[in-house]
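Single-structure report; data block below.
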2 protein chains.
Amino acid sequence: MVIDDELIDMDTLERVAPVIRNAAHPLRLRILDYLHHEKEPRTVTEITEAAGASQAIVSQQLRILKDQGLISSKRDSHNVLYCIVDPSVLLLLECIRRHDGMCVKPHNM
Amino acid sequence: MVIDDELIDMDTLERVAPVIRNAAHPLRLRILDYLHHEKEPRTVTEITEAAGASQAIVSQQLRILKDQGLISSKRDSHNVLYCIVDPSVLLLLECIRRHDGMCVKPHNM
DNA sequence: TCTATATATATGAATATACATATATTACGA
DNA sequence: TCGTAATATATGTATATTCATATATATAGA
């Protein structure tokens with residue numbers, strides 16, 4: 001359980017905010033959602049297809065997510081496989097679903 | 001309940017990502033955490049003290065949060081009171097607590 | 001070793017963001 | 001109506017982000 005009765009200290013906020021900030025990008029969220037959905041590690045090519053963007057751009061986004069420690073990669077001969085390693089980011093996706101649900105169907109909240 | 005077995009569509013991601021992105025700023029997260037913690041609406045002066053930044057900067061941040069529809073304001077004579085109106089952003093704070101907990105105490109996940 | 005496929009990086013221009021300082025507005029009480 | 005406390009905005013500069021294009025690297029197979 002997480003302590004919830006006191007404010008998050010500024011050090012933590014300054015450390016974690018950039019991680020969330022970097023994840024909160026349409027294409028990067030798409031990648032995270034895809035990797036979560038697929039459960040198993042996926043290649044850059046597969047991710048590129050799912051993301052609907054160019055290979056170079058997807059590779060750039062993967063790098064950003066990896067630098068933040070949200071995903072990891074391992075090479076498998078020709079391919080490089082990516083998967084999510086920080087499950088806390090999945091709450092971001094849940095946050096979006098809930099936010100969206102709230103906006104579109106207010107009676108659900 | 002939220003449907004979780006298909007990918008969030010890009011339109012939604014493009015709409016919601018900026019909201020999260022704007023919230024994911026140390027000072028703005030502090031403000032959201034404070035307002036959530038206090039439960040009742042708080043004045044700019046109170047928020048400024050809690051945030052530990054200048055009045056002008058806090059006012060700028062409040063404006064940004066308000067523009068995103070995350071908080072609302074109402075005037076009470078001299079003061080302007082702010083409160084959270086979009087509860088989905090509270091998941092961000094939970095996300096941070098969990099992320100932080102994961103980093104500091106890995107055995108908790 | 002040469003080639004093809006898969007992936008990664010460099011670079012630059014356009015745009016956005018952060019933050020400080022100065023100034024403006026608002027509303028009430030004297 | 002004048003002053004003052006509370007809040008908001010304007011502006012500029014430094015810095016960061018985005019996204020595209022071109023190019024580089026890595027691996028396996030012929």
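No hydrogens, no waters, no symmetry mates; every other heavy atom, side chains included, goes into these values. Convention: sequence-line order gives letters A, B, ...; per-chain numbering from 1.
Counting non-hydrogen atoms under 4.0 angstrom, B:Ala53 reaches nothing in the nucleic acid. Here A:Ser54 lies out of heavy-atom contact (under 4.0 Å) with every strand. Across all strands shown, A:Thr45 has heavy atoms under 4.0 Å from sugar-phosphate atoms exclusively, and none from any base.
Here D:dA8 presents its P atom at 15 Å from NZ of B:Lys74, a figure rounded to the nearest Å. When rounded to the nearest whole Å, the span between CD of A:Gln68 and C1' of D:dA16 equals 13 Å. For the pair A:Gln60 CD and C:dT11 C1', the computed distance is 10 Å after rounding to whole Å. Between the C1' atom of D:dA10 and the CD1 atom of B:Ile57 lies a distance of 14 Å, rounded to the nearest Å. Here the P atom of nucleotide D:dT18 and the CG atom of A:Leu65 are 11 Å apart, to the nearest Å. To the nearest angstrom, P of C:dT17 lies 12 Å from CD of B:Gln61. Atom CD of B:Glu49 and atom C1' of D:dA5 are 14 Å apart (whole Å). The interatomic distance linking A:Ile71 (CD1) with C:dT7 (C1') rounds to 13 Å, in whole Å.
In this structure, A:Ile8 and B:Leu29 have side chains that are not in contact, with every pair of non-hydrogen atoms separated by 4.5 Å or more. Side-chain contact between B:Asp33 and B:Arg97: present, with at least one pair of heavy atoms (C-beta onward) separated by less than 4.5 Å. Contact of the A:Leu32 side chain with the A:Ile71 side chain is registered, since non-hydrogen atoms from C-beta on lie closer than 4.5 Å. You'll find the side chain of B:Leu92 reaches within 4.5 Å of the side chain of A:Leu92, heavy atoms only. Counting only heavy atoms from C-beta outward, the side chains of B:Arg15 and B:Thr12 approach each other to under 4.5 Å. Using a 4.5 Å heavy-atom threshold, the side chains of A:Met10 and A:Leu13 count as touching.
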Problem set entry | Base-contact (B) and sugar-phosphate-only (S) positions in nucleotides 23-29 of chain C, heavy-atom cut-off under 4.0 Å, - elsewhere | ----SS-
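Residue A:Tyr82 has a polar side-chain atom (N or O) positioned under 4.0 Å from OP1 or OP2 of C:dA8. At least one side-chain nitrogen or oxygen of A:Arg21 sits closer than 4.0 Å to the OP1 or OP2 atom of C:dA18. At least one side-chain nitrogen or oxygen of A:Asn79 sits closer than 4.0 Å to the OP1 or OP2 atom of C:dT7.
The side chain of A:Thr43 sits closest to C:dT7 out of D:dC19, C:dT7, D:dA8. Among D:dT7, C:dT9, D:dA8, the nucleotide with an atom closest to any side-chain atom of A:Arg63 is C:dT9.
For the pair A:Asp67 and A:Arg63, the salt-bridge criterion is met [side-chain N within less than 4.0 Å of a carboxylate O].
If B:Leu62 and A:Ala56 are placed on DNA chain D by their nearest nucleotide, the residue sitting closer to the 5' end is B:Leu62.
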